[in-house]
Amino acid sequence: MGMWASLDAMWEMPAEKRIFGAVLLFSWTVYLWETFLAQRQRRIYKTTTHVPLELGQIMDSETFEKSRLYQLDKSTFSFWSGLYSEIEGTLILLFGGIPYLWRLSGRFCGYAGFGPEYEVLVTIYADYIAPLFDKFTPLPEGKLKQEIEVMAKSIDFPLTKVYVVEGSKRSSHSNAYFYGFFKNKRIVLFDTLLEEYSVLNRDIQEESGMEPRSDGEGDSEEIKAKVKSKKQGCKNEEVLAVLGHELGHWKLGHTVKNIIISQMNSFLCFFLFAVLIGRKELFAAFGFYDSQPTLIGLLIIFQFIFSPYNEVLSFCLTVLSRRFEFQADAFAKKLGKAKDLYSALIKLNKDNLGFPVSDWLFSMWHYSHPPLLERLQALKSSKQD
Ligand SMILES: [Zn+2]
């Protein structure tokens with residue numbers, strides 16, 4: 001009875017109070033949910049004390065233990081900092097902090113050197129302009145190039161050129177990608193993927209008169225030892241397997257689907273924004289009774305009003321992206337590359353493993369790319385057929 005009565009009372013409140021209450025309630029719901037997930041993940045850190053079997057050859061137990069303790073520390077810290085910022089945010093909302101900060105920022109605006117424009121510029125530079133200066137070299141004629149062309153042809157990929165780009169300087173976890181419109185596509189391989197094909201490695205192979213064998217088992221112990229002492233790249237077959245995954249994204253239409261989704265999302269957001277920006281009760285809910293500054297409208301609508309939508313959307317996109325990754329892996333497997341992709345993934349993730357075990361629910365909510373272990377397990381389970 002009491003609950004219904006108070007719900008009724010809430011419903012009779014003015015619109016701006018209801019909006020405010022809903023925003024606050026949602027913010028705490030998300031906070032509690034995230035905390036719940038973090039606790040689940042924390043339990044994994046506490047109980048997983050041995051390196052998973054699949055990673056035995058690339059991670060020793062000392063590194064594993066160090067990373068485990070570090071993650072435990074980090075999770076304690078983020079628990080307290082998360083609690084602090086949630087309470088801080090709530091207090092700011094409750095005590096009308098946004099109008100206060102807005103007036104304050106008006107006063108200090110003149111002093112600020114870098115605004116948000118600065119950040120946008122940096123992002124644009126890093127994402128779109130810096131790559132223009134990367135060194136693209138055509139992949140030299142040879143076995144690898146031939147094999148790439150054969151594979152592209154076998155799945156009707158309209159390949160025109162294959163490039164190698166110096167990717168080692170930037171921290172990017174992509175190893176290969178393609179670009180170009182319609183019937184004119186290029187494949188770009190990061191040089192880090194091709195380590196064994198760098199000049200140094202080729203010398204070693206020529207010196208001992210050995211071509212890498214297609215089954216990947218043929219390297220003599222001597223070469224293995226030499227190669228091992230350097231940073232490891234991928235063999236021909238592994239490079240092809242990684243490419244098989246990337247081309248899977250193309251063949252299965254993932255790229256197009258992503259573009260369509262993001263276009264639809266922008267359209268929807270602008271449309272809703274246009275509808276909502278004129279609503280005075282939205283401003284009133286956050287303490288702006290007699291003025292409706294557009295910047296504040298942006299903040300309120302995108303940060304608070306859209307937040308349920310954003311949570312749902314970002315979860316759906318995460319799920320979708322993981323599906324796409326598994327599908328692309330399965331595609332590579334259908335091309336007969338499960339084994340090579342398996343070993344390539346292990347090599348490529350060697351240096352950025354962090355703590356490799358995660359709680360399934362935590363992982364499902366947070367990781368748009370499936371963790372290495374999950375991908376390996378999926379590849380292994382599909383290896384049988
Ligand atoms: Zn992928």
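In each ligand, atom 1 is the first atom listed, and ligand 1 is the first ligand listed. In this text, all values refer to a predicted model and were calculated from it rather than measured experimentally.
You'll find the side chain of L24 reaches within 4.5 Å of the side chain of L94, heavy atoms only. Looking only at side-chain heavy atoms (C-beta outward), W28 and T90 come within less than 4.5 Å of each other.
Between E325 and R322 no salt bridge is recorded (no basic side-chain N to carboxylate O distance below 4.0 Å).
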Give the intermediate values and the outcome of side chain to side chain donor-acceptor pair (under 3.5 Å) for residues S363 and E374. CA-CA 10 Å; S363 156; E374 287 180 38; 3.0 Å; yes
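No option in Y309, F302, F267 other than F302 meets the ring-ring contact (aromatic ring centres under 6.0 Å, His included) test with F273.
With a cut-off of 2.8 Å, the protein N/O/S atoms near the Zn ion (ligand 1) add up to 4.
Scanning for side chain to side chain donor-acceptor pair (under 3.5 Å) contacts around S61 gives an empty result, with sequence neighbours left out.
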